[in-house]
Amino acid sequence: KAGVTQTPRYLIKTRGQQVTLSCSPISGHRSVSWYQQTPGQGLQFLFEYFSETQRNKGNFPGRFSGRQFSNSRSEMNVSTLELGDSALYLCASGRTGNHEQYFGPGTRLTVT
Amino acid sequence: AQKITQTQPGMFVQEKEAVTLDCTYDTSDQSYGLFWYKQPSSGEMIFLIYQGSYDEQNATEGRYSLNFQKARKSANLVISASQLGDSAMYFCAMRELSNFGNEKLTFGTGTRLTIIP
């Protein structure tokens, strides 16, 4: 069974640009969550999607958005990038009713 | 609000020894789950073990066991017979379960474990 995949793995962008990250969950998983990991703030919850609906949202500005498609794949978008957005972005998929969440390898975003 | 506290930023342990990583938590929810994840330098978060707040027995998964003390609000991870491959960051996390469908995990700051040969 394939694990959670995230593309791209590495990304370098310039301040002011926008970026889209993709996450494909494990087959059969309908929940996808996104996290931002930085040395200063640690792991912070961004948002969670289930059946194409945002079910939960963390405390991030509106520049951070996401969506989920009918095949459960999810994308997150960050507009008007700032230097502080440089981070490892992790997504996790899970099956509702099952406590386990499986993480992908992450996308490392560098903003210059 | 939920909070996870990991007070050991780093630990050095001799290979084959047992190691205990500390985790305390705070929540007003009666139903919650506690998790431990391992993060090697590659970045991927690897699920290790889970303990539900109503589970009467401590969880075990191979060399990993969770020492759950509900009254003290602690959920320490014990790794028996440590191996060089155990060197990584370890994160304790919690999820409130009373709100059905809430998948949000709250993480601690992590402990960097280094196994010495």
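So you know, we letter chains A, B, ... as the sequences are listed, proteins then strands, and number each from 1.
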- request: Could you tell me whether B:K16 atom NZ has more than 12 heavy atoms of other residues or ligands within 6.0 Å of it?
  value: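 Not buried by this count: 12 neighbours or fewer within 6.0 Å.
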Segment of [X] engaging chain B (4.5 angstrom heavy-atom cut-off):
| X | value |
| --- | --- |
| A:Q44 | neither |
| A:F45 | side chain |
| A:R9 | side chain |
| A:F47 | neither |

query: Tell me, do B:K104 and A:S33 make a side-chain contact under 4.5 Å, heavy atoms counted?
result: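 Result no, sub-4.5 Å side-chain heavy-atom pair not found.
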query: Can you say whether B:T109 sits under 4.5 Å from chain A via the side chain, the backbone, both, or neither, judging by heavy atoms?
result: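 Neither part.
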A:D85 bridged to A:R63 by N-O distance under 4.0 Å: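 The answer is yes: the pair qualifies as a salt bridge.
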Where A:W34 and A:S74 come nearest, the two heavy atoms and their spacing: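 Answer, listing the atom of A:W34 first, then A:S74: NE1-OG, 2.9 Å.
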- request: Please report the closest heavy-atom contact between A:Q68 and A:R30, naming both atoms and the distance.
  value: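 Heavy atoms only, the tightest pair is NE2-O, 3.0 Å.
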